[in-house]
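Here is the structure we will look at.
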Amino acid sequence: MARVVILGAGISGHTAALHLQRQLKSKAEIIVVSPNSNWNWIPSNIWVGVGKMTKDQVTFPLAPIYKRKHIGFRQAKAVAIHPEGSPDNPQGFVDIVYTDPTRVGEEEQLTYDYLIVATGPKLNFAATPGLGPDANSWSVCTAGHAEQSAAALETIIEALKAGERKTLVIGVGHGTCTCEGAAFEYTFNVEHELRERGVRERADVVYLSNEYDLGDLGVGGMIFAQNGFETSSKLWTESLFRERGVRAILRAHVEKVDPGVIHYEELDGSRHTLDFDFAMLLPPFRGVDMKAYASNGEDITEDLFAPNGFLRVDADYETKPFEQWAPEDWPKTYQCPRYANIFGVGIAFAPPHAISEPRKSPNGTVISPAPPRTGMPSGVIGRTVALSIADRIRRGDQATLRTASMAAMGAACIASAGTGLRKGSAAAITMYPIIPDRRRFPGSGRDLTQTSGDIGLSGHWTKLLLHYLFIYKAKARFGWFVIPE
Ligand SMILES: Cc1cc2nc3c(=O)[nH]c(=O)nc-3n(C[C@H](O)[C@H](O)[C@H](O)COP(=O)(O)OP(=O)(O)OC[C@H]3O[C@@H](n4cnc5c(N)ncnc54)[C@H](O)[C@@H]3O)c2cc1C
């Protein structure tokens, strides 16, 4: 029986596991490896970070789901891939190290016929001295981090209530960060919470980002058709910042975070400091730093993984100037070029380049967003690769691989701007395609009729509904597969 090993049980890996099991039932053995015992609906960490949800509301244990679905589960982290096997056995295998409290530190070699790398990002706090919850700033990247942020925010709110003035800085902690959408959401959720608690006027809320313009969000901004006119995500976002009194510092690379002081460089090369009482700064992402070895023991990590640690797939990785970036650069099948039975999905695949225009300061510092791979494309790619592997297991290697290029895919994202059934709001954003195609859509590179933005209470209700819907789906409850990724 063929064995499919999936490294990672986040949005893309878990989606792939459920679809593979549904497709193949007992025709294949499916094993998921993940160091965390829980699944986390990461988008709702924002609400945990303002104390409006608990960690338990955004996570659930994976083991019972996998047991019910007859999917093998190893609570372990993958540390190395051996795509050519060993000198005595050519079957590929992965070295895993258990994090399961009952077997912690134990090692195992897990053979596979197909391997899906869905390990998401390594939260690279180390890239910026002083960044992160073990140092001088907070994070909302994991449910645990978000709980810590909520507790720190509560302390600030108490001080504001006592009449003190406080500066809250929210944004990204390095010039090459991605996930500006999450920083945007947390900014406005904090701002909303401060208003709800009656302390807004004593708080200076600052958004600190590597974006060139507000509304860039790592996708180069968007142009929408609205009421017969064209508008941009820049105009739209600027008006929200004005309305809510949030100060923005853009084009910034955080160099260092000292207790209470952020040191940053701007795109013009100037250097500044910003004092803070509370700072939530997202880290840059890189791959999880797995190694790879040939059967003779030769280190082939650089063949499999790009320098940023993400898995190389069927993308065009040739370095090109921005003007020459093309939709065809982006991967379609997510197959590893050197080993046909390895695939990379979600954040784990190496993108060919950014989406926003790359920029450097006169000091040579890169200050522009890395390309986001949000939940919807991560899920769609996970499902597509699962279906490709199911086809190959059923029909053999001649089965054509399915495709899911981000250059031919739309995305919808709902960015919360404050929670509450009556007073909440969220920005509902759709775009098509995710990767701009300036030949098909001259000007903005996207279809204006399928790219839109709207903010209001209905967006909040939709975001809340999606929270419950995606957790229902991830729990593989009745009819889960009809809920789209
Ligand atoms: C705060 C925040 C808010 C967000 N909000 C939104 C939103 O509103 N909408 C949206 O579309 N997207 C949002 N995103 C992005 C979204 O969370 C990601 O697109 C999505 O989680 C990517 O899925 P993934 O499977 O690639 O990675 P992940 O979901 O991060 O999963 C990675 C998995 O790999 C596991 N893993 C790590 N290392 C190893 C290893 N060595 N071996 C085996 N397994 C390993 C992890 O434990 C995890 O299970 C947000 C992100 C953040 C940080």
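Just so you know, ligand 1 is whichever comes first in the structure, and atom 1 is the first atom listed for that ligand.
Contact annotation: Gly49 has no heavy atom less than 4.0 Å from any atom of ligand 1.
Here atom 50 (C) of ligand 1 lies nearest to Ile42 when heavy atoms of Leu7, Val5, Ile42 are compared. When the heavy atoms of Gly8, Ser37, Ala118 are ranked by distance to atom 32 (C) of ligand 1, first place goes to Ala118. Between atom 45 (C) of ligand 1 and the options Gly10, Ser34, Pro35, Cys179, the minimum heavy-atom separation is to Pro35. Which of Val288, Thr99, Thr15, Ile11 comes nearest to atom 23 (O) of ligand 1 through a heavy atom is settled by distance: it is Ile11.
Which parts of ligand 1 touch Val140 is read off a 4.0 Å heavy-atom cut-off, strictly below it: atoms 1 (C). Of all atoms in ligand 1, listed by their number and element, those nearer than 4.0 Å to a heavy atom of Gly346 are 26 (O). Residue-ligand proximity, Val33 to ligand 1, at heavy-atom distances under 4.0 Å covers atoms 43 (C), 44 (N).
A donor and an acceptor atom, one from each side chain of His253 and Asn210, are nowhere located under 3.5 Å apart. Side chains of Arg446 and Tyr432: no donor on one and acceptor on the other come within 3.5 Å. Using modelled atom types, one finds a donor on one side chain and an acceptor on the other under 3.5 Å when comparing Ser356 with Asp216.
For the pair Lys463 and ligand 1, the shortest N or O to N or O distance falls below 3.5 Å. Considering backbone and side-chain N/O of Ser12, one or more are found under 3.5 Å from N/O of ligand 1. Looking at ligand 1, you'll find an N or O of Ile347 within less than 3.5 Å of one of its N or O atoms. Checking only distances, Ala348 never comes within under 3.5 Å of ligand 1, N or O to N or O. Inclusion of Ala182 in the set of residues having an N or O under 3.5 Å from an N or O of ligand 1 is not warranted.
By the definition of a contact as any protein heavy atom under 4.0 Å away, atom 47 (O) of ligand 1 is in contact.
Checked against a 6.0 Å centroid threshold, the rings of Phe60 and Trp41 do not count as neighbours.
Taken from CZ in Phe349 to CD1 in Ile381, the straight-line distance is 4.5 Å, to the nearest 0.5 Å.
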Checking salt bridge (charged side-chain N to carboxylate O under 4.0 Å, His left out) for the pair Glu185/Lys463: CA distance, chi angles, key distance, verdict? CA-CA 12 Å; Glu185 285 191 285; Lys463 178 113 183 156; 3.0 Å; yes
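Remark: Lys332 does not engage Asp314 in a salt bridge, criterion side-chain N to carboxylate O under 4.0 Å.
Within a 6.0 Å radius of NZ in Lys473, more than 12 heavy atoms belonging to other residues, nucleotides or ligands are found.
The protein atom (non-hydrogen) at minimum distance from atom 4 (C) of ligand 1 is Pro43 CA, 3.8 Å.
Within the 4.5 Å cutoff, the side chain of Leu281 has no heavy atoms near those of the Ser139 side chain.
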